[in-house]
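Take a look at the structure below.
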Amino acid sequence: MKIYIFLAIVSLTFGFHEKVVSTRSLSPYNAIFNFGDSLSDTGNLLASGALSFPVIGKFPYGQTFFNRSTGRCSDGRLVIDFIAEAYKLQYLLPYLALTKDQNIHPGVNFAVAGATALDTKFFIEAGLGKFLWTNNSLNIQLGWFKKLKPSLCTSKLDCDSYFERSLFVVGEIGGNDYNYAAIAGNITQLQATVPPVVEAIKTAINELIAEGAREMLVPGNLPIGCSALYLTLFRSENKEDYDGNGCLKSFNGFAEYHNKELKLALKTLRQTNPHARILYADYYGAAKRFFHAPGHYGFSSGALRACCGAPGPYNFNISARCGHIGSKVCADPSTHANWDGIHLTEAAYKYIAKGLIYGPFSYPPLKTSPYKIP
């Protein structure tokens, strides 16, 4: 079966003045540095020159909170935005859109939509090069951080002091490594991709620690079997393929396998780096709550159907993606967990963020936040 995929991309945020929250001194973190993909990209992909899907830079993207498209793959804020709010920091500026007059010391975002944990070479050798949106892998993002570092601190003493109060968010990353293979039909090879993906994340964390990072939050994968994209592309007539929530059991099982391997890698990293604080962010567990009981979390329209899309079992249609002719946006995104078939709504991201910040979905827990997200 020929499979199509829509990978959402983001819009550049030139001219957008990021919100700054005052009384930063109350926060245990003075800065946040983020690495990842479209779950946390605030403008880097479009700034990189990837113009395949400029519709993401237009309404209805960004309609809920910013009242304009800001380069986020959602109707509003992302998990990383809520983390910044909770610790009284400005929304992270996308690295590729930085200008000289911007204050980078509260943190920078290196995440790129479509990014992978593994480098481009891996996908080219696997015959998946044509599926790649970007070559800005996790390793490339690390390079950007190293290049920017002299602008953040100058001496080792200065850097140690600065990074001691900085939070490094490494992920979510790796989801696209699996997406590219799954979309190409290489489902049987997915499990074999997990070890190199986890190793790439582990290597990145070691490099960040060598650069001075002392606290890292490392998210796992979401329950992709509940994604409208996967539910549409891998729809089955066999009821046994679905769990009680209507999600595809095999893909959720795969996400759990990735998360298990990632947690084992983090355990090893903690043993070899006792001076660093390495936290696991359980995106799967935090999101599974509203997939299990959407109504309890205010998602009266459910958690599986996309808010923005076109007619189909899950309101996802590749020929009329969100923002394209033929697509429609729901009246109230806050009643949906799924935004465009791939990414979640601001309301869903808020629940995930609150689960990480206030518990119990970060292990060990994040430092106490000075601000309560409503």
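As the structure is a computational prediction, the values presented were derived from the model and not from experiment. No hydrogens, no waters, no symmetry mates; every other heavy atom, side chains included, goes into these values.
Between Lys202 and Thr268, the shortest heavy-atom contact is NZ-CG2, 3.8 Å. Minimum interatomic distance between Ala276 and Ile209 (heavy atoms only, all atoms of both residues): CB-CD1, 4.0 Å. Heavy atoms only, all atoms of each residue included: Ser369 and Ala86 are closest at OG-O, 2.6 Å. Residues Glu172 and Gly220 approach most closely at CG-O, 3.5 Å, considering heavy atoms. Between Ser27 and Asn30, the closest heavy-atom pair is O-OD1, 4.4 Å. The two atoms that bring Asp340 and Cys322 nearest to each other are CB-CB, 3.8 Å, heavy atoms only.
Side-chain N/O atoms of Asn317 and Ser319 include a donor and acceptor closer than 3.5 Å. Counting only N and O atoms by type, the side chains of Asp241 and Ser236 include a donor and acceptor under 3.5 Å apart. Counted by atom type alone, Arg72 and Thr70 present one or more donor-acceptor pairs between their side chains at under 3.5 Å. The closest side-chain donor-acceptor pair between His292 and Asn245 falls under 3.5 angstrom. Side-chain contact, Thr99 with Asp101: a donor N or O sits under 3.5 Å from an acceptor N or O.
Not a single donor-acceptor pair under 3.5 Å links the side chain of Tyr230 to the backbone N or O of Arg235. Within the 3.5 Å criterion, the main-chain N or O of Arg305 finds no donor-acceptor partner in the side chain of Asn315. Side chain of Gln271 to backbone of Pro274: no donor-acceptor contact under 3.5 angstrom is found. Not one N or O on the side chain of Ser40 forms a donor-acceptor pair closer than 3.5 Å with the backbone of Ala111. Judged purely by atom type and a 3.5 angstrom limit, Arg289 uses its side chain to pair as donor or acceptor with the backbone of Tyr351. Judged by distance alone, the side chain of Asp177 and the main-chain N or O of Leu118 form a donor-acceptor pair under 3.5 Å. A donor-acceptor pair under 3.5 Å is formed between the side chain of Ser327 and the backbone N or O of Arg321. Under a 3.5 Å cut-off, the side chain of Asn273 and the backbone N or O of Leu269 do form a donor-acceptor pair. A donor-acceptor distance shorter than 3.5 angstrom exists from the side chain of Lys249 to the backbone of Glu240, with no hydrogens or angles considered. Remark: the backbone N or O of Asp158 is not paired with any side-chain donor or acceptor of Ser161 at under 3.5 angstrom.
Leu248 and Tyr257 fall within the same hydrophobic cluster, defined by Ile, Leu, Val, Met, Phe, Trp and Tyr side-chain heavy atoms under 4.5 Å apart, directly or through other members. Connection of Ile373 to Ile32 is established within a shared hydrophobic cluster, with ILVMFWY side chains joined at heavy-atom distances below 4.5 Å, either directly or through further cluster members. Follow the hydrophobic side-chain contacts under 4.5 Å out from Ile124 and you never reach Phe122; the two are in separate clusters. Under the 4.5 Å side-chain heavy-atom criterion for grouping Ile, Leu, Val, Met, Phe, Trp and Tyr, Val194 is not connected to Leu264 through any hydrophobic cluster. Note on Ile201 and Tyr284: separate hydrophobic clusters, where clusters join Ile, Leu, Val, Met, Phe, Trp and Tyr whose side-chain heavy atoms are under 4.5 Å apart, directly or indirectly.
Aromatic ring centroids of Phe254 and Tyr178 lie under 6.0 Å apart. Between Phe361 and Tyr283, the ring center distance fails the sub-6.0 Å criterion. The six-membered or imidazole ring of Tyr349 lies away from that of Phe82, with a centre-to-centre distance of 6.0 Å or more.
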Hey, mind stepping through Lys288 and Asp282 against salt bridge (Lys or Arg N to Asp or Glu O under 4.0 Å) and telling me if it holds? CA-CA 10 Å; Lys288 195 67 172 156; Asp282 185 9; over 6 Å; no
As a quick check of understanding, evaluate ring pair (Phe, Tyr, Trp, His ring centres under 6.0 Å) for Phe33 and Phe145, giving each step before the final call. CA-CA 9 Å; Phe33 296 97; Phe145 170 74; 5.7 Å; yes
Decide side chain to side chain donor-acceptor pair (under 3.5 Å) for Asn109 and Asn34; before the verdict, give the C-alpha distance in whole Å, the side-chain angles of both, and the deciding distance to 0.1 Å. CA-CA 5 Å; Asn109 192 353; Asn34 181 72; 2.9 Å; yes
Start with the C-alpha distance between Tyr87 and Tyr371, add both sets of side-chain angles, then the distance that settles ring pair (Phe, Tyr, Trp, His ring centres under 6.0 Å), and finish with yes or no. CA-CA 7 Å; Tyr87 292 101; Tyr371 172 68; over 10 Å; no
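Checked against Phe35 for a side chain to side chain contact (heavy atoms under 4.5 Å, CB included), the options Ile173, Val169, Leu142 give a single hit: Leu142. With respect to Lys146, the side chain to side chain donor-acceptor pair (under 3.5 Å) criterion is satisfied by exactly one of Glu207, Gln141, Glu211: Glu207.
Note that SG of Cys73 and OH of Tyr61 are 6.5 Å apart. Values are rounded to the nearest 0.5 Å. Rounded to the nearest 0.5 angstrom, Lys263 NZ and His258 NE2 are separated by 10.5 Å. A distance of 11.0 Å separates CD1 of Ile183 from CG of Leu128, quoted to the nearest 0.5 Å. Atom CD1 of Ile104 and atom CG of Leu152 lie 4.5 Å apart (nearest 0.5 Å). Thr116 OG1 to Asn136 CG: the interatomic distance, rounded to the nearest 0.5 Å, is 9.0 Å. Atom-to-atom distance recorded for Asn252:CG and Asn221:CG is 9.5 Å, nearest 0.5 angstrom.
Relative ring orientation between Trp144 and Tyr95 is described as parallel, the plane-to-plane angle staying below 30° on a 0-90° scale split at 30° and 60°. Taking the six-membered ring for Trp and thresholds of 30 and 60 degrees, Tyr363 and Tyr280 have nearly parallel ring planes, at less than 30 degrees apart.
A salt bridge does not link Glu164 to Arg214: none of the charged nitrogens lies less than 4.0 Å from a carboxylate oxygen. Salt bridge annotation for Asp81-Lys350: absent, with no cationic side-chain nitrogen under 4.0 angstrom from a carboxylate oxygen. Between Arg77 and Glu85 there is a salt bridge, since at least one side-chain N of the basic residue sits less than 4.0 Å from a carboxylate O of the acidic one.
Looking at heavy atoms from C-beta onward, Leu366 lies in side-chain contact with Leu279 at the 4.5 angstrom threshold. For the pair Phe110/Pro94, no side-chain contact is recorded, criterion being any heavy-atom separation below 4.5 Å from C-beta on.
The SG atoms of Cys330 and Cys308 are placed at least 2.5 angstrom from each other.
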